[in-house]
Asks: 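To start, I am sharing the structure in question, which I have written as structure tokens.
Just so we're clear, the structure is a prediction, and the values are computed from it rather than from any experiment.
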Amino acid sequence: MRTCLVTLVIAALPAAAVEPAVPPAPRDTADRHVQTVLKRLKTEGMSGVIEFVFDEKTGSPPAADKRAELAANFLRVRNVQVQALGKPAGDPELLRADVSGRSLVRYVYAEPMERGLVIWQFTFYRAEGGDWRCLTFQSGDGSEAEFRALAADADFADAKRNAGAALDALKAGGVSGLFDVVWADGKNVISAERCPVEKTFAKLRNDAAALLGKSQGDAEWVRTEAVGRRLVRFIYLDKYERGTAVWKFTLYRVGGEWKWCNVNFNGDPATSFSVVP
């Protein structure tokens with residue numbers, strides 16, 4: 001009886017007013033602007049980006065007394081990127097376009113370099129009755145924040161085979177076997193020297209075994225994450241008698257070939273969990 005009364009009361013309530021969807025403002029000009037600034041990045045380097053953003057017709061120029069200082073800072077950042085990651089190695093790839101209402105859009109691009117990605121963000125603003133202008137931009141090593149779990153990883157089959165070969169080598173020869181694969185000639189873009197890194201990983205894995213017991217054999221694949229189509233990370237559980245550790249293998253595609261970019265071993269399995277929908 002109570003269920004019936006509740007049903008009657010709900011049925012008698014007036015329907016909630018539905019706000020009409022607000023159509024997004026056309027972004028044609030913003031789309032063209034971001035393509036223009038990327039072309040200038042390719043042909044003129046950071047100087048071209050600075051000139052575009054500082055132009056009062058397409059960007060948001062700073063105060064005259066701040067312009068030289070800001071430009072010098074941007075150029076310094078770019079020099080650091082090139083020193084760390086090498087020269088540009090291809091066209092930037094659009095990762096996504098984020099919107100905030102009808103007046104803000106942020107384009108996020110991954111620029112391939114010889115040894116990794118530079119993440120660019122260009123934010124455009126459109127005042128009422130006006131046109132789109134570049135409000136801010138930034139570039140940096142923001143790859144970690146851009147990893148996205150994949151529903152399927154068939155596009156990264158070659159990279160996954162490399163990860164599988166490393167796991168086979170780990171099972172057969174321990175950390176030394178793993179590093180034989182990762183540090184094979186021409187197979188990585190890792191700037192660190194092998195010897196001290198290998199010693200650190202060997203100690204970490206020995207500590208894990210002392211705490212968690214004997215290895216249980218093959219590692220278990222958990223998920224694949226990627227940034228665009230050039231940077232991919234495979235996450236595996238390294239299983240022991242009393243718990244697990246986590247391996248993360250990151251590979252980077254440059255010149256049509258997948259190369260090792262990073263290897264991570266963590267005794268805390270918290271980073272391996274996925275959200276179940």
Side-chain angles (χ1 to χ4, degrees), residues 42 78-93 110-119 140-144 146-147 150 153-209 215 217-238 245-267 271-272:
K42 183 176 182 178
R78 185 60 171 178
N79 287 336
V80 170
Q81 292 169 355
V82 172
Q83 290 173 7
L85 300 175
K87 297 178 181 179
D91 294 329
E93 176 186 359
E111 180 191 17
M113 311 291 277
E114 292 174 316
R115 296 186 293 275
L117 296 177
V118 171
I119 304 299
D141 182 17
S143 300
E144 182 63 33
E146 298 300 329
F147 274 102
L150 303 177
D153 59 10
D155 292 341
F156 301 97
D158 289 343
K160 197 169 187 179
R161 278 192 287 271
N162 289 349
L167 288 175
D168 290 342
L170 175 68
K171 183 177 179 180
V175 169
S176 180
L178 167 68
F179 274 59
D180 284 343
V181 173
V182 175
W183 255 268
D185 288 344
K187 296 301 182 182
N188 75 63
V189 292
I190 301 171
S191 58
E193 294 183 5
R194 170 178 172 169
C195 186
V197 177
E198 183 176 342
K199 287 181 179 178
T200 299
F201 275 74
K203 183 180 185 306
L204 288 173
R205 198 157 192 254
N206 287 338
D207 290 347
S215 171
D218 295 335
E220 177 186 352
W221 172 82
V222 175
R223 68 178 179 275
T224 302
E225 303 171 337
V227 179
R229 295 171 295 174
R230 289 179 177 269
L231 190 64
V232 63
R233 179 166 65 194
F234 304 100
I235 300 176
Y236 296 87
L237 288 184
D238 193 13
V246 179
W247 285 102
K248 294 183 179 181
F249 296 154
T250 306
L251 292 100
Y252 177 59
R253 185 167 61 86
V254 60
E257 182 180 1
W258 287 103
K259 296 191 176 186
W260 289 90
C261 182
N262 190 37
V263 177
N264 180 273
F265 180 81
N266 194 329
T271 57
S272 70

Asks: Salt-bridge test for Asp155 and Arg229: reply yes if a basic N is under 4.0 Å from a carboxylate O, no otherwise.
Replies: no
Asks: Check whether Asn262 reaches the backbone of Thr250 with its side chain - one donor and one acceptor, N or O, closer than 3.5 Å.
Replies: no
Asks: Taking the side chain as everything from C-beta on, heavy atoms only, tell me whether Val232 gets closer than 4.5 Å to Asp153.
Replies: no
Asks: Are Glu111 and Arg78 close enough for a salt bridge, meaning some N to O gap below 4.0 Å?
Replies: yes
Asks: Run the numbers on Leu167 and Asp218 for side chain to side chain contact (heavy atoms under 4.5 Å, CB included), then give the verdict.
Replies: CA-CA 8 Å; Leu167 288 175; Asp218 295 335; over 6 Å; no
Asks: Please name the pair of heavy atoms, one in Ala159 and one in Trp258, separated by the smallest distance, quoted to 0.1 Å.
Replies: CB-CD2, 3.6 Å
Asks: Under 3.5 Å, is there a donor-acceptor pair between the side chain of Tyr252 and the main chain of Met113?
Replies: yes
Asks: Please find the pair of heavy atoms, one from Gly267 and one from Ala245, that lie closest to each other, and give the distance.
Replies: CA-CB, 4.1 Å
Asks: Got a sec, which residues hit salt bridge (Lys or Arg N to Asp or Glu O under 4.0 Å) with Asp158, two or more places apart in sequence or on another chain?
Replies: Arg161
Asks: Is Lys259 paired with Glu114 through a side-chain N to carboxylate O contact shorter than 4.0 Å?
Replies: no
Asks: Among Asp207, Thr200, Asn206, which residue satisfies the side-chain hydrogen bond (donor to acceptor under 3.5 Å, both in side chains) criterion with Lys203?
Replies: Asp207
Asks: Checking side chain to side chain contact (heavy atoms under 4.5 Å, CB included) for the pair Phe234/Asn162: CA distance, chi angles, key distance, verdict?
Replies: CA-CA 10 Å; Phe234 304 100; Asn162 289 349; over 6 Å; no
Asks: Check whether any side-chain heavy atom of Leu117 lies under 4.5 Å from a side-chain heavy atom of Pro112, and answer yes or no.
Replies: yes
Asks: Do the non-hydrogen side-chain atoms of Val182 and Phe249 ever get within less than 4.5 Å of each other?
Replies: no
Asks: Given Asp238, which partner from the list Lys171, Arg205, Lys248 fulfils the salt bridge (Lys or Arg N to Asp or Glu O under 4.0 Å) test?
Replies: Arg205
Asks: Testing the basics here: between Ser272 and Val222, what is the closest heavy-atom pair and its distance to 0.1 Å?
Replies: O-CG1, 3.3 Å
Asks: Could you check whether any side-chain heavy atom of Leu251 comes within less than 4.5 Å of a side-chain heavy atom of Phe156, counting everything from C-beta outward?
Replies: no
Asks: Does this structure show an ion pair linking Arg230 with Glu93, if we count only N-O contacts that are shorter than 4.0 Å?
Replies: no
Asks: Identify the heavy atoms of Trp260 and Ala163 that sit nearest to each other, and give their distance.
Replies: CH2-CA, 4.0 Å
Asks: Could you please spell out the steps behind the side chain to side chain contact (heavy atoms under 4.5 Å, CB included) verdict for Gln81 and Asp141?
Replies: CA-CA 8 Å; Gln81 292 169 355; Asp141 182 17; over 6 Å; no
Asks: Roughly how far apart are Asn188 CG and Cys261 SG, rounded to 0.5 Å?
Replies: 9.0 Å
Asks: Heavy atoms only: give me the nearest Ala226-Leu150 pair and the separation to one decimal.
Replies: CB-CD1, 4.0 Å
Asks: Whether the side chain of Arg223 engages the backbone of Arg233 through a donor-acceptor N/O pair (distance < 3.5 Å, no angle test) should be reported.
Replies: no
Asks: Could you give me the CA-CA distance, side-chain angles and deciding distance for Leu231 and Phe147, then say whether side chain to side chain contact (heavy atoms under 4.5 Å, CB included) is met?
Replies: CA-CA 9 Å; Leu231 190 64; Phe147 274 102; 3.8 Å; yes
Asks: Using side-chain heavy atoms (C-beta onward) and a distance below 4.5 Å, is Trp221 in contact with Lys160?
Replies: yes
Asks: Do the non-hydrogen side-chain atoms of Trp247 and Leu178 ever get within less than 4.5 Å of each other?
Replies: yes
Asks: Looking at CH2 of Trp183 and CD of Glu193, how far apart are the two atoms once the value is rounded to the nearest 0.5 Å?
Replies: 10.0 Å
Asks: Looking at every heavy atom in both Ala192 and Val197, which two are closest together, and how far apart are they?
Replies: CB-CG2, 3.9 Å
Asks: What salt bridge (Lys or Arg N to Asp or Glu O under 4.0 Å) pairs are there with at least one residue in residues 175-191, not counting sequence neighbours?
Replies: Asp180-Arg194, Lys187-Glu257
Asks: Supply the atom-to-atom distance Ser143 OG to Leu85 CG, rounded to the nearest 0.5 angstrom.
Replies: 8.0 Å
